[in-house]
Amino acid sequence: MRGVIEGYYGPPFSHEARIDFMQWMAGEGLTVYAYAPKDDPFHRDRWREPYPDDEMQRFEELVRKGKECGVDFCYTISPGLDISDGEEGVLVDKLRTLADVGFETFGVLWDDVPAGGTELGERHGRATAAAVDAIGGATWWTVGTDYAISRPTPYLEGLCRTVPDEVLVSWTGSGVTPASVTGAEAAGLGDALGRKLLLWENFPVNDSVMRDVLHMGPYPNRSPDLVDASSGVLLNLMQHPYASRIGVACGARFWRDPKADRQRVWRDVIGGFGDLAPLARACRSWADDPGPDPDLLEWAAAAPQDKRLRSFLEAGCRGGLSAEVQADLEPWLAAWEREAQLMLMCLDILERGYRSTNRGVGAAVLWFNARTQRTQTFGLRAAAYPVTLQSGEFATTGAEAAIIGENLTDRLCRRALHAPL
(Lines give C-alpha, C1' and ligand atoms only; values in the text may rest on other atoms or scores of the structure.)
Protein backbone atom coordinates (compact mmCIF):
# COMPACT_ATOMS: atom_id res chain seq x y z
CA MET A 1 0.00 0.00 0.00
CA ARG A 2 1.50 3.30 -1.11
CA GLY A 3 -0.57 6.42 -0.99
CA VAL A 4 -1.71 9.43 1.00
CA ILE A 5 -4.04 10.02 3.91
CA GLU A 6 -6.17 13.09 4.46
CA GLY A 7 -5.84 12.60 8.19
CA TYR A 8 -5.10 15.99 9.72
CA TYR A 9 -6.97 18.26 12.15
CA GLY A 10 -8.42 21.18 10.20
CA PRO A 11 -10.75 21.99 7.30
CA PRO A 12 -11.04 18.96 4.98
CA PHE A 13 -10.25 19.15 1.28
CA SER A 14 -13.01 20.19 -1.05
CA HIS A 15 -14.58 17.56 -3.29
CA GLU A 16 -12.88 19.05 -6.35
CA ALA A 17 -9.49 19.15 -4.61
CA ARG A 18 -9.70 15.43 -3.84
CA ILE A 19 -10.42 14.58 -7.46
CA ASP A 20 -7.57 16.77 -8.68
CA PHE A 21 -5.20 15.31 -6.10
CA MET A 22 -6.03 11.72 -7.03
CA GLN A 23 -5.44 12.42 -10.69
CA TRP A 24 -2.09 14.04 -9.89
CA MET A 25 -0.87 11.40 -7.40
CA ALA A 26 -1.50 8.58 -9.86
CA GLY A 27 1.33 10.02 -11.95
CA GLU A 28 3.64 9.65 -8.93
CA GLY A 29 2.91 5.94 -8.61
CA LEU A 30 0.68 6.30 -5.53
CA THR A 31 -2.45 4.17 -5.63
CA VAL A 32 -4.38 4.74 -2.38
CA TYR A 33 -6.14 7.89 -1.15
CA ALA A 34 -7.30 7.33 2.43
CA TYR A 35 -10.14 9.59 3.53
CA ALA A 36 -9.74 10.35 7.26
CA PRO A 37 -10.23 14.06 8.01
CA LYS A 38 -10.48 14.48 11.77
CA ASP A 39 -12.92 17.36 11.34
CA ASP A 40 -15.48 15.33 9.37
CA PRO A 41 -18.02 14.71 12.17
CA PHE A 42 -19.42 11.57 10.50
CA HIS A 43 -15.93 10.07 10.41
CA ARG A 44 -15.17 10.59 14.11
CA ASP A 45 -17.37 12.52 16.56
CA ARG A 46 -20.70 11.33 15.10
CA TRP A 47 -19.43 8.15 13.51
CA ARG A 48 -22.66 6.22 14.15
CA GLU A 49 -24.76 8.56 12.01
CA PRO A 50 -25.23 7.99 8.28
CA TYR A 51 -23.86 10.50 5.81
CA PRO A 52 -26.35 12.82 4.09
CA ASP A 53 -27.40 11.74 0.60
CA ASP A 54 -25.40 14.47 -1.16
CA GLU A 55 -22.23 13.40 0.64
CA MET A 56 -22.82 9.78 -0.34
CA GLN A 57 -23.16 10.88 -3.96
CA ARG A 58 -19.83 12.67 -3.70
CA PHE A 59 -18.23 9.53 -2.24
CA GLU A 60 -19.59 7.50 -5.12
CA GLU A 61 -18.06 9.94 -7.60
CA LEU A 62 -14.71 9.90 -5.78
CA VAL A 63 -14.60 6.10 -5.91
CA ARG A 64 -15.42 6.17 -9.61
CA LYS A 65 -12.94 8.93 -10.44
CA GLY A 66 -10.28 7.08 -8.48
CA LYS A 67 -10.80 3.89 -10.45
CA GLU A 68 -10.56 5.85 -13.69
CA CYS A 69 -7.06 7.08 -12.81
CA GLY A 70 -5.85 3.99 -10.93
CA VAL A 71 -6.28 5.24 -7.37
CA ASP A 72 -8.22 3.32 -4.73
CA PHE A 73 -10.29 5.84 -2.76
CA CYS A 74 -10.36 4.41 0.76
CA TYR A 75 -12.93 5.21 3.44
CA THR A 76 -11.89 5.18 7.10
CA ILE A 77 -13.87 5.54 10.29
CA SER A 78 -12.68 6.52 13.77
CA PRO A 79 -15.10 5.29 16.45
CA GLY A 80 -12.67 5.09 19.36
CA LEU A 81 -13.79 8.15 21.29
CA ASP A 82 -16.98 6.53 22.55
CA ILE A 83 -17.62 3.07 21.08
CA SER A 84 -18.99 0.63 23.63
CA ASP A 85 -18.88 -3.15 23.90
CA GLY A 86 -21.67 -4.59 21.80
CA GLU A 87 -21.65 -1.80 19.22
CA GLU A 88 -19.81 -3.80 16.58
CA GLY A 89 -23.10 -4.10 14.70
CA VAL A 90 -23.47 -0.32 14.57
CA LEU A 91 -19.97 -0.05 13.11
CA VAL A 92 -20.72 -2.75 10.55
CA ASP A 93 -23.97 -1.10 9.50
CA LYS A 94 -22.24 2.24 8.95
CA LEU A 95 -19.45 0.70 6.90
CA ARG A 96 -21.88 -1.39 4.87
CA THR A 97 -23.53 1.81 3.60
CA LEU A 98 -20.11 2.91 2.34
CA ALA A 99 -19.42 -0.45 0.73
CA ASP A 100 -22.71 -0.09 -1.13
CA VAL A 101 -21.43 3.01 -2.96
CA GLY A 102 -18.33 1.17 -4.17
CA PHE A 103 -15.59 1.46 -1.56
CA GLU A 104 -13.21 -1.50 -1.71
CA THR A 105 -10.62 -0.35 0.84
CA PHE A 106 -11.44 0.51 4.45
CA GLY A 107 -9.61 1.63 7.54
CA VAL A 108 -10.82 1.38 11.14
CA LEU A 109 -8.79 3.92 13.10
CA TRP A 110 -8.21 4.05 16.85
CA ASP A 111 -5.67 6.87 17.05
CA ASP A 112 -5.87 9.88 19.36
CA VAL A 113 -8.31 8.35 21.83
CA PRO A 114 -7.84 7.54 25.56
CA ALA A 115 -5.12 4.94 26.02
CA GLY A 116 -5.45 1.53 27.65
CA GLY A 117 -3.90 -1.89 27.96
CA THR A 118 -4.58 -5.41 26.74
CA GLU A 119 -8.34 -5.23 27.23
CA LEU A 120 -8.69 -2.05 25.17
CA GLY A 121 -6.48 -3.46 22.41
CA GLU A 122 -8.57 -6.60 22.21
CA ARG A 123 -11.79 -4.57 22.17
CA HIS A 124 -10.52 -2.48 19.26
CA GLY A 125 -9.31 -5.60 17.51
CA ARG A 126 -12.68 -7.36 17.89
CA ALA A 127 -14.54 -4.36 16.47
CA THR A 128 -12.18 -4.25 13.50
CA ALA A 129 -12.50 -7.98 12.97
CA ALA A 130 -16.31 -7.78 13.07
CA ALA A 131 -16.26 -5.25 10.23
CA VAL A 132 -13.84 -7.33 8.18
CA ASP A 133 -15.87 -10.52 8.69
CA ALA A 134 -19.21 -8.90 7.91
CA ILE A 135 -18.20 -6.92 4.82
CA GLY A 136 -15.22 -8.89 3.49
CA GLY A 137 -13.94 -8.71 -0.06
CA ALA A 138 -11.98 -5.53 0.62
CA THR A 139 -8.55 -4.32 1.67
CA TRP A 140 -8.43 -3.37 5.34
CA TRP A 141 -6.03 -1.50 7.57
CA THR A 142 -6.04 -0.07 11.07
CA VAL A 143 -4.02 2.09 13.43
CA GLY A 144 -3.95 1.54 17.17
CA THR A 145 -4.06 3.91 20.09
CA ASP A 146 -0.34 3.17 20.64
CA TYR A 147 0.97 4.24 17.25
CA ALA A 148 4.07 6.38 17.98
CA ILE A 149 6.22 3.73 19.53
CA SER A 150 9.25 1.52 18.98
CA ARG A 151 8.40 -1.52 21.08
CA PRO A 152 5.31 -3.66 21.67
CA THR A 153 2.86 -2.70 24.39
CA PRO A 154 0.09 -4.77 26.00
CA TYR A 155 -2.40 -2.72 23.99
CA LEU A 156 -0.71 -3.47 20.66
CA GLU A 157 -0.31 -7.13 21.51
CA GLY A 158 -4.02 -7.34 22.30
CA LEU A 159 -4.94 -5.50 19.09
CA CYS A 160 -2.76 -7.64 16.84
CA ARG A 161 -3.90 -10.84 18.52
CA THR A 162 -7.53 -10.16 17.63
CA VAL A 163 -7.24 -8.37 14.26
CA PRO A 164 -7.28 -10.72 11.24
CA ASP A 165 -3.88 -11.40 9.69
CA GLU A 166 -4.81 -9.71 6.41
CA VAL A 167 -5.46 -6.36 8.11
CA LEU A 168 -2.52 -3.97 7.81
CA VAL A 169 -1.49 -2.31 11.08
CA SER A 170 0.09 1.13 10.89
CA TRP A 171 2.42 3.17 13.08
CA THR A 172 4.21 6.52 12.77
CA GLY A 173 7.66 5.41 13.90
CA SER A 174 9.13 5.97 17.35
CA GLY A 175 7.32 9.31 17.61
CA VAL A 176 4.51 11.29 16.05
CA THR A 177 6.99 13.09 13.78
CA PRO A 178 10.23 11.15 14.28
CA ALA A 179 13.39 12.73 12.89
CA SER A 180 14.37 9.32 11.50
CA VAL A 181 12.81 5.92 10.93
CA THR A 182 14.86 2.83 10.13
CA GLY A 183 14.10 -0.56 8.70
CA ALA A 184 15.49 -2.13 11.87
CA GLU A 185 12.89 -0.27 13.95
CA ALA A 186 10.06 -1.33 11.65
CA ALA A 187 11.23 -4.93 11.49
CA GLY A 188 11.81 -5.15 15.23
CA LEU A 189 8.34 -3.94 16.17
CA GLY A 190 6.72 -5.79 13.28
CA ASP A 191 8.36 -9.09 14.22
CA ALA A 192 7.25 -8.67 17.82
CA LEU A 193 3.66 -8.08 16.69
CA GLY A 194 3.70 -10.82 14.03
CA ARG A 195 3.16 -8.63 10.95
CA LYS A 196 4.82 -6.08 8.69
CA LEU A 197 3.80 -2.56 9.64
CA LEU A 198 2.33 0.15 7.43
CA LEU A 199 4.01 3.53 7.97
CA TRP A 200 1.61 6.39 8.68
CA GLU A 201 4.05 9.11 7.65
CA ASN A 202 3.31 12.42 9.37
CA PHE A 203 4.83 14.40 6.54
CA PRO A 204 4.09 16.87 5.00
CA VAL A 205 1.20 17.41 7.49
CA ASN A 206 1.38 20.68 9.46
CA ASP A 207 -1.54 20.62 11.90
CA SER A 208 -1.57 21.11 15.67
CA VAL A 209 1.67 22.64 17.02
CA MET A 210 3.14 22.65 13.48
CA ARG A 211 0.47 24.95 12.07
CA ASP A 212 2.78 27.95 11.53
CA VAL A 213 5.12 25.99 9.25
CA LEU A 214 4.43 25.01 5.66
CA HIS A 215 6.26 21.78 4.81
CA MET A 216 7.50 21.91 1.22
CA GLY A 217 10.98 20.50 1.68
CA PRO A 218 12.80 17.19 1.16
CA TYR A 219 11.46 13.91 2.51
CA PRO A 220 12.60 13.31 6.11
CA ASN A 221 15.49 11.02 6.99
CA ARG A 222 14.27 7.47 6.40
CA SER A 223 16.72 4.60 5.91
CA PRO A 224 16.55 2.72 2.58
CA ASP A 225 15.86 -0.60 4.30
CA LEU A 226 12.57 0.80 5.64
CA VAL A 227 10.92 0.08 2.29
CA ASP A 228 11.46 -3.69 2.42
CA ALA A 229 10.75 -3.78 6.17
CA SER A 230 7.29 -2.20 5.74
CA SER A 231 3.99 -3.11 4.13
CA GLY A 232 3.77 0.37 2.64
CA VAL A 233 3.29 4.04 3.46
CA LEU A 234 0.52 6.62 3.72
CA LEU A 235 1.77 10.22 3.62
CA ASN A 236 -0.37 12.52 5.77
CA LEU A 237 -1.40 15.64 3.84
CA MET A 238 -1.44 19.29 4.84
CA GLN A 239 -4.78 21.05 4.56
CA HIS A 240 -3.24 22.83 1.56
CA PRO A 241 -3.78 20.51 -1.43
CA TYR A 242 -1.46 22.13 -3.95
CA ALA A 243 1.42 22.77 -1.55
CA SER A 244 1.17 19.16 -0.30
CA ARG A 245 2.22 17.88 -3.71
CA ILE A 246 5.90 18.72 -3.25
CA GLY A 247 6.35 16.73 -0.04
CA VAL A 248 4.20 13.89 -1.35
CA ALA A 249 6.19 13.71 -4.60
CA CYS A 250 9.44 13.55 -2.62
CA GLY A 251 8.00 10.79 -0.43
CA ALA A 252 6.71 8.83 -3.42
CA ARG A 253 10.13 8.90 -5.04
CA PHE A 254 11.82 7.68 -1.87
CA TRP A 255 9.51 4.67 -1.74
CA ARG A 256 10.30 3.93 -5.38
CA ASP A 257 14.05 4.53 -5.09
CA PRO A 258 15.06 4.71 -1.41
CA LYS A 259 18.78 5.12 -2.14
CA ALA A 260 18.37 8.30 -4.18
CA ASP A 261 19.81 11.49 -2.68
CA ARG A 262 16.99 13.32 -0.84
CA GLN A 263 18.25 16.80 -1.64
CA ARG A 264 18.70 16.05 -5.32
CA VAL A 265 15.22 14.54 -5.48
CA TRP A 266 13.75 17.66 -3.85
CA ARG A 267 15.49 19.98 -6.28
CA ASP A 268 14.18 17.89 -9.16
CA VAL A 269 10.65 17.96 -7.73
CA ILE A 270 10.50 21.72 -7.24
CA GLY A 271 11.86 22.13 -10.74
CA GLY A 272 8.59 20.64 -11.92
CA PHE A 273 6.63 23.14 -9.82
CA GLY A 274 8.21 26.32 -11.16
CA ASP A 275 5.41 28.52 -9.86
CA LEU A 276 5.79 27.15 -6.33
CA ALA A 277 9.59 26.94 -6.29
CA PRO A 278 10.21 30.36 -4.63
CA LEU A 279 7.84 29.52 -1.77
CA ALA A 280 9.21 25.98 -1.52
CA ARG A 281 12.74 27.30 -1.09
CA ALA A 282 11.50 29.46 1.78
CA CYS A 283 9.36 26.68 3.30
CA ARG A 284 11.68 23.69 3.03
CA SER A 285 12.38 23.42 6.77
CA TRP A 286 11.26 20.50 8.94
CA ALA A 287 12.08 19.17 12.40
CA ASP A 288 15.21 17.35 11.23
CA ASP A 289 16.47 20.28 9.11
CA PRO A 290 15.18 23.62 10.48
CA GLY A 291 17.68 25.92 8.78
CA PRO A 292 17.31 28.00 5.62
CA ASP A 293 17.72 26.60 2.12
CA PRO A 294 21.47 25.94 1.54
CA ASP A 295 21.44 27.59 -1.89
CA LEU A 296 19.93 30.77 -0.45
CA LEU A 297 22.52 30.72 2.32
CA GLU A 298 25.27 30.47 -0.27
CA TRP A 299 23.80 33.35 -2.29
CA ALA A 300 23.49 35.50 0.83
CA ALA A 301 27.08 34.82 1.82
CA ALA A 302 28.28 35.87 -1.64
CA ALA A 303 26.20 39.09 -1.64
CA PRO A 304 26.40 41.97 -2.36
CA GLN A 305 28.84 41.30 -5.20
CA ASP A 306 26.89 38.20 -6.22
CA LYS A 307 23.42 39.23 -7.38
CA ARG A 308 21.65 35.85 -7.26
CA LEU A 309 19.84 36.48 -3.97
CA ARG A 310 18.73 39.94 -5.10
CA SER A 311 17.39 38.54 -8.37
CA PHE A 312 15.58 35.76 -6.53
CA LEU A 313 13.90 38.15 -4.09
CA GLU A 314 13.00 40.75 -6.70
CA ALA A 315 11.28 38.09 -8.83
CA GLY A 316 8.68 37.57 -6.08
CA CYS A 317 6.79 34.47 -5.04
CA ARG A 318 3.38 34.76 -6.72
CA GLY A 319 4.21 34.49 -10.41
CA GLY A 320 2.11 31.81 -12.09
CA LEU A 321 0.08 30.97 -8.99
CA SER A 322 -3.67 30.90 -9.48
CA ALA A 323 -5.87 33.12 -7.34
CA GLU A 324 -7.17 30.01 -5.58
CA VAL A 325 -3.68 28.79 -4.66
CA GLN A 326 -2.66 32.27 -3.52
CA ALA A 327 -5.69 32.48 -1.25
CA ASP A 328 -4.90 29.07 0.24
CA LEU A 329 -1.25 29.94 0.95
CA GLU A 330 -1.66 33.66 1.68
CA PRO A 331 -0.08 33.72 5.18
CA TRP A 332 3.18 32.29 3.84
CA LEU A 333 3.18 34.28 0.61
CA ALA A 334 2.68 37.49 2.59
CA ALA A 335 5.44 36.51 5.02
CA TRP A 336 7.73 35.72 2.07
CA GLU A 337 7.15 39.22 0.71
CA ARG A 338 7.72 40.93 4.07
CA GLU A 339 10.97 39.06 4.60
CA ALA A 340 12.05 39.73 1.00
CA GLN A 341 11.46 43.47 1.44
CA LEU A 342 13.65 43.47 4.52
CA MET A 343 16.40 41.40 2.90
CA LEU A 344 16.46 43.71 -0.12
CA MET A 345 16.87 46.65 2.25
CA CYS A 346 19.80 44.86 3.88
CA LEU A 347 21.35 44.18 0.47
CA ASP A 348 21.03 47.90 -0.30
CA ILE A 349 22.90 48.70 2.92
CA LEU A 350 25.68 46.24 2.09
CA GLU A 351 25.97 47.34 -1.55
CA ARG A 352 26.18 51.08 -0.86
CA GLY A 353 28.77 50.75 1.84
CA TYR A 354 26.98 53.10 4.25
CA ARG A 355 23.92 53.17 6.48
CA SER A 356 21.87 56.32 6.93
CA THR A 357 19.98 56.78 10.19
CA ASN A 358 16.60 56.38 8.52
CA ARG A 359 17.63 53.31 6.58
CA GLY A 360 19.17 51.63 9.59
CA VAL A 361 16.21 52.39 11.84
CA GLY A 362 13.79 51.21 9.15
CA ALA A 363 15.61 47.91 8.80
CA ALA A 364 15.69 47.46 12.57
CA VAL A 365 11.93 48.06 12.87
CA LEU A 366 11.14 45.68 10.02
CA TRP A 367 13.45 43.09 11.54
CA PHE A 368 11.68 43.34 14.89
CA ASN A 369 8.29 42.97 13.18
CA ALA A 370 9.50 39.98 11.17
CA ARG A 371 10.75 38.21 14.26
CA THR A 372 7.41 38.60 16.01
CA GLN A 373 5.30 37.10 13.20
CA ARG A 374 4.08 33.55 13.74
CA THR A 375 4.24 32.37 10.15
CA GLN A 376 7.62 30.79 9.43
CA THR A 377 9.55 31.29 6.17
CA PHE A 378 13.20 31.19 5.04
CA GLY A 379 14.05 28.83 7.91
CA LEU A 380 12.57 28.39 11.38
CA ARG A 381 12.88 31.03 14.09
CA ALA A 382 10.53 29.35 16.55
CA ALA A 383 8.57 26.16 15.94
CA ALA A 384 7.36 23.09 17.78
CA TYR A 385 7.03 19.49 16.60
CA PRO A 386 5.54 16.42 18.32
CA VAL A 387 8.88 14.59 18.37
CA THR A 388 9.01 11.87 21.02
CA LEU A 389 11.54 9.22 21.92
CA GLN A 390 10.73 6.03 23.77
CA SER A 391 13.02 4.50 26.35
CA GLY A 392 11.76 1.58 28.40
CA GLU A 393 8.36 2.42 29.84
CA PHE A 394 8.60 6.16 29.22
CA ALA A 395 8.13 8.47 26.24
CA THR A 396 10.24 11.61 26.36
CA THR A 397 10.42 14.70 24.18
CA GLY A 398 13.16 14.74 21.57
CA ALA A 399 15.52 17.68 21.21
CA GLU A 400 14.02 18.43 17.78
CA ALA A 401 10.62 19.17 19.35
CA ALA A 402 11.42 22.80 20.21
CA ILE A 403 13.26 24.77 17.54
CA ILE A 404 14.68 28.21 18.33
CA GLY A 405 16.93 29.65 15.67
CA GLU A 406 17.63 32.30 13.06
CA ASN A 407 16.28 32.30 9.55
CA LEU A 408 17.91 33.71 6.43
CA THR A 409 16.55 37.21 7.07
CA ASP A 410 17.95 37.28 10.60
CA ARG A 411 21.41 36.37 9.39
CA LEU A 412 21.40 38.98 6.64
CA CYS A 413 20.02 41.67 8.96
CA ARG A 414 22.66 40.97 11.56
CA ARG A 415 25.36 41.25 8.93
CA ALA A 416 23.98 44.48 7.41
CA LEU A 417 23.25 46.30 10.66
CA HIS A 418 26.67 45.39 12.04
CA ALA A 419 28.46 46.51 8.90
CA PRO A 420 30.91 49.43 9.27
CA LEU A 421 29.65 52.88 8.39
Side-chain angles (χ1 to χ4, degrees), residues 1-8 32-38 40 42-44 47-48 72-85 87-96 98-99 103-150 152-173 176 186 189-202 230-236:
M1 183 181 288
R2 293 184 184 178
V4 302
I5 178 167
E6 185 186 337
Y8 55 81
V32 176
Y33 186 112
Y35 174 90
K38 294 289 196 295
D40 170 6
F42 300 103
H43 160 79
R44 187 171 171 86
W47 64 270
R48 297 174 183 83
D72 193 357
F73 190 71
C74 161
Y75 180 77
T76 75
I77 193 166
S78 183
L81 288 173
D82 60 0
I83 191 170
S84 303
D85 282 334
E87 283 198 294
E88 292 85 355
V90 179
L91 177 64
V92 167
D93 289 344
K94 173 68 173 280
L95 290 175
R96 188 172 280 127
L98 279 304
F103 282 99
E104 296 178 351
T105 300
F106 291 93
V108 184
L109 313 185
W110 308 101
D111 57 312
D112 296 354
V113 301
T118 302
E119 182 179 351
L120 183 66
E122 290 178 344
R123 185 190 310 160
H124 289 171
R126 285 194 301 270
T128 305
V132 175
D133 293 343
I135 296 173
T139 301
W140 292 84
W141 68 282
T142 190
V143 62
T145 303
D146 296 348
Y147 60 81
I149 205 157
S150 59
T153 64
Y155 168 89
L156 281 175
E157 290 169 343
L159 177 75
C160 291
R161 187 164 50 245
T162 50
V163 163
D165 291 340
E166 66 269 24
V167 176
L168 300 177
V169 175
S170 66
W171 70 315
T172 62
V176 179
L189 182 57
D191 289 346
L193 297 174
R195 61 186 74 214
K196 273 189 173 183
L197 298 175
L198 171 69
L199 181 65
W200 175 316
E201 178 69 271
N202 275 324
S230 305
S231 61
V233 65
L234 293 173
L235 295 130
N236 199 3

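All heavy atoms count here, side chains included; hydrogens, waters and symmetry mates do not. Everything quoted here is computed from the prediction, not taken from an experiment.
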field: Non-hydrogen atoms of Val163 and Gly125 that approach each other most closely
entry: CG2-CA, 3.6 Å
field: Heavy-atom closest contact (Leu159 atom, Gly144 atom, distance)
entry: CD2-CA, 3.9 Å
Beyond-backbone contact of Leu199 with Leu234, side-chain heavy atoms, under 4.5 angstrom: no
message: Counting the benzene-type ring for Trp, do Trp140 and Phe106 have ring centres under 6.0 Å apart?
response: yes
query: Ion pair present between Lys38 and Asp111, side-chain N to carboxylate O less than 4.0 angstrom?
result: yes
field: Non-hydrogen side-chain atoms of His124 and Thr142 separated by less than 4.5 Å
entry: no
- prompt: If only atom types and distance count, is the side chain of Tyr155 paired as donor or acceptor with the main-chain N or O of Thr145 below 3.5 Å?
  reply: yes
- prompt: So, Asp72 and Thr105: side-chain donor and acceptor under 3.5 Å apart, yes or no?
  reply: yes
task: State, to 0.1 Å, how close Tyr33 and Phe73 come at their nearest heavy-atom pair, and which atoms those are.
output: CD2-CE1, 3.3 Å
message: If you define the side chain from C-beta out and look only at heavy atoms, does anything of Leu95 sit under 4.5 Å from Tyr75?
response: yes
query: Less than 4.5 Å apart, any side-chain heavy atom of Asp93 and any of Glu87?
result: no
Atom pair CD (Glu201) and CD1 (Ile5), whose distance is rounded to the nearest 0.5 Å: 12.0 Å
- request: Kindly check if the number of other-residue, nucleotide or ligand heavy atoms within 6.0 Å of CD (Glu119) is above 12?
  value: no
message: Does any part of the side chain of Arg123, heavy atoms only, come nearer than 4.5 Å to the side chain of Thr162, both counted from C-beta?
response: no
Heavy-atom closest contact (Arg195 atom, Pro164 atom, distance): NH1-O, 3.3 Å
query: Are any of the side-chain heavy atoms of Arg44 and Leu81 separated by less than 4.5 Å?
result: yes
- line: Value for OG (Ser170) from CG (Leu197), rounded to nearest 0.5 Å, stands at 8.5 Å
query: How far does CG of Asn202 sit from CG of Asn236, to the nearest 0.5 angstrom?
result: 5.0 Å
message: Would you compute the distance between atom CG of Leu91 and atom CZ of Arg126 and round it to the nearest 0.5 angstrom?
response: 13.5 Å
query: Looking only at heavy atoms, which two atoms of Cys74 and Gly107 are closest? And how far apart?
result: SG-N, 4.1 Å
task: Output yes when a side-chain donor or acceptor of Lys94 lies under 3.5 Å from a complementary backbone atom of Phe42, and no otherwise.
output: yes
message: Let me confirm one number: the OG1-CD1 distance from Thr172 to Ile149, rounded to the nearest 0.5 Å.
response: 9.5 Å
- request: Could you tell me whether the side chain of Arg161 reaches within less than 4.5 Å of the side chain of Thr118, counting heavy atoms only?
  value: yes
- request: Classify the side-chain pair Asp82/Trp47 by whether it contains a donor and acceptor separated by less than 3.5 Å.
  value: yes
- prompt: Any idea which heavy atoms bring Pro152 and Leu189 closest together, and the distance?
  reply: N-CD1, 3.4 Å
- prompt: So, do Ser231 and Met1 sit near enough that their side-chain heavy atoms are less than 4.5 Å apart?
  reply: no
query: Is there a donor in the side chain of His43 and an acceptor in the side chain of Tyr35, or the other way round, less than 3.5 Å apart?
result: no
statement: Interatomic distance, CD@Glu157 vs CG@Leu193, rounded to 0.5 Å, equals 7.0 Å
- prompt: Taking atom types as modelled, is there a side-chain donor on Thr128 or Trp110 under 3.5 Å from an acceptor on the other?
  reply: yes
